[in-house]
Amino acid sequence: MKELKIHNWTLEVDVKKTYEQYKNEKWDLCDCTYCLNFFQAMKTTSSKLTDLFNSFGIIPSKCVHLSEFGPTESGLHLYMGCYHIIGRIKEGKPVDTSSWDDYNVAEVDNFSFAFSKDLIFVPDSMPSPVLQMDFSVEVPWVIEEPYGT
């Protein structure tokens, strides 16, 4: 396990095992246009955001729980979801999305995230301990299919 200090948390993460799960596991990914847009948009993240995902072993274009909330005033599309990581919180408190605030949410570029106390949609093959990263992010519409189809 690798120790990571992120925002108000100290985490123990098995980066290699997490990456192997994302790389080799058959994920049951949604194929609606909203999700396909997210998966495609997350293939071209900023270097800071790519570094964050790499520090956990996450492949950002693979997300098993995702919701799209439409375009925002900025013209970007709001998504919320979660990623799963093999690891645990060593120091700091987990939160849920209803209690997000400046103290317990971290942000890299426009990607806001926290580590949840609730585990949902964890792939069956993911070994314990499992840590859930809940997130919200705004991304552009990048696929050819029009929004809303």
Side-chain angles (χ1 to χ4, degrees), residues 2 4-9 11 13-89 92-126 130-149:
K2 176 181 173 182
L4 298 173
K5 176 74 174 146
I6 306 245
H7 194 57
N8 295 318
W9 302 282
L11 311 170
V13 176
D14 193 322
V15 177
K16 184 177 179 179
K17 283 185 181 178
T18 300
Y19 178 74
E20 290 300 316
Q21 284 289 310
Y22 278 88
K23 181 180 173 192
N24 296 325
E25 190 57 36
K26 288 275 192 189
W27 294 79
D28 186 20
L29 300 176
C30 179
D31 63 357
C32 76
T33 56
Y34 306 113
C35 290
L36 291 175
N37 183 71
F38 174 84
F39 301 147
Q40 193 64 36
M42 294 306 285
K43 289 181 180 180
T44 58
T45 60
S46 71
S47 60
K48 285 172 61 175
L49 194 50
T50 298
D51 290 346
L52 175 73
F53 288 126
N54 288 342
S55 72
F56 290 112
I58 293 171
I59 297 175
S61 61
K62 292 187 174 182
C63 181
V64 296
H65 176 63
L66 186 63
S67 297
E68 191 267 351
F69 294 92
T72 64
E73 289 180 12
S74 67
L76 299 174
H77 293 259
L78 176 63
Y79 288 87
M80 295 181 80
C82 62
Y83 291 106
H84 296 97
I85 302 159
I86 299 169
R88 67 178 190 89
I89 298 175
K93 294 185 178 183
V95 297
D96 57 47
T97 53
S98 65
S99 63
W100 281 23
D101 61 33
D102 290 341
Y103 177 76
N104 63 18
V105 173
E107 193 166 317
V108 173
D109 294 334
N110 68 339
F111 184 85
S112 300
F113 64 97
F115 298 98
S116 178
K117 56 185 170 184
D118 300 316
L119 295 177
I120 57 171
F121 299 104
V122 178
D124 292 337
S125 63
M126 185 77 70
V130 175
L131 180 59
Q132 182 168 302
M133 174 196 280
D134 290 332
F135 70 87
S136 69
V137 66
E138 292 183 8
V139 299
W141 193 261
V142 296
I143 62 173
E144 288 186 24
E145 291 85 356
Y147 177 75
T149 59

Legend entry - Ring center gap for Tyr83 and Phe115 short of 6.0 angstrom: no
Inset, instruction - Please report the shortest heavy-atom distance between Ser55 and Val15, naming the atom on each side. - result: O-CG2, 3.1 Å
Inset, instruction - Any chance you could measure His7, atom NE2, to Asn104, atom CG, to the nearest 0.5 Å? - result: 7.0 Å
Legend entry - Asn24 atom CG, over 12 foreign heavy atoms within 6.0 Å: yes
Legend entry - Contact check, side chains of Leu52 and Phe111, non-hydrogen atoms, under 4.5 Å: yes
Inset, instruction - May I ask you to check whether Gln40 and Ser61 show a side-chain donor-acceptor distance below 3.5 Å? - result: no
Legend entry - Approximate separation, where rounding is to 0.5 Å, of Phe38 CZ and Lys43 NZ: 12.0 Å
Legend entry - Arg88 CZ to Asp14 CG distance, which is reported to the nearest 0.5 Å: 13.0 Å
Legend entry - Spacing of Phe121 atom CZ and Cys82 atom SG [to the nearest 0.5 Å]: 7.5 Å
Legend entry - Backbone of Ile120 reached by a side-chain donor or acceptor of His84 within 3.5 Å: yes
Legend entry - Heavy-atom check, side chain of Leu36 versus side chain of Glu145, under 4.5 Å: no
Legend entry - Inter-residue atom distance Ser125.OG - Glu20.CD, 0.5 Å rounding: 12.0 Å
Legend entry - Thr45 side-chain N/O to Leu49 backbone N/O, donor-acceptor pair under 3.5 Å: no
Inset, instruction - For residues Tyr34 and Tyr79, establish whether the separation of their ring centroids is below 6.0 Å. - result: no
Inset, instruction - Step through the shown structure and confirm whether more than 12 heavy atoms of other residues, nucleotides or ligands are within 6.0 Å of NZ on Lys62. - result: yes
Inset, instruction - Using the side-chain contact (heavy atoms from CB on, under 4.5 Å) rule, pick out the option among Leu4, Leu131, Ile89 that qualifies with Trp9. - result: Ile89
Legend entry - Expected output: side-chain Thr18 to main-chain Ile86 donor-acceptor under 3.5 Å: yes
Inset, instruction - Assess the pair His77 and Phe69: is the distance between their ring centroids shorter than 6.0 Å? - result: no
Legend entry - Donor-acceptor pair, side chain of Asn37 and main chain of Pro140, under 3.5 angstrom: yes
Legend entry - Gap separating the CD atom of Glu68 from the SG atom of Cys30, nearest 0.5 angstrom: 11.0 Å
Legend entry - Non-hydrogen side-chain atoms of Ser112 and Phe135 separated by less than 4.5 Å: no
Inset, instruction - State whether the side chain of Asn8 and the backbone N or O of Gly92 hold a donor-acceptor pair below 3.5 Å, judged by distance alone. - result: no
Legend entry - Atom NZ of Lys16: over 12 foreign heavy atoms under 6.0 Å: no
Legend entry - Nearest atoms (heavy-atom pairs only) where Ala41 meets Val142: N-CG2, 3.7 Å
Inset, instruction - Indicate yes or no for a side-chain donor-acceptor contact from Asn110 to the backbone of Glu138 under 3.5 Å, with no hydrogens or angles considered. - result: yes
Legend entry - Check: Tyr19 ring centroid to Phe56 ring centroid under 6.0 Å: no
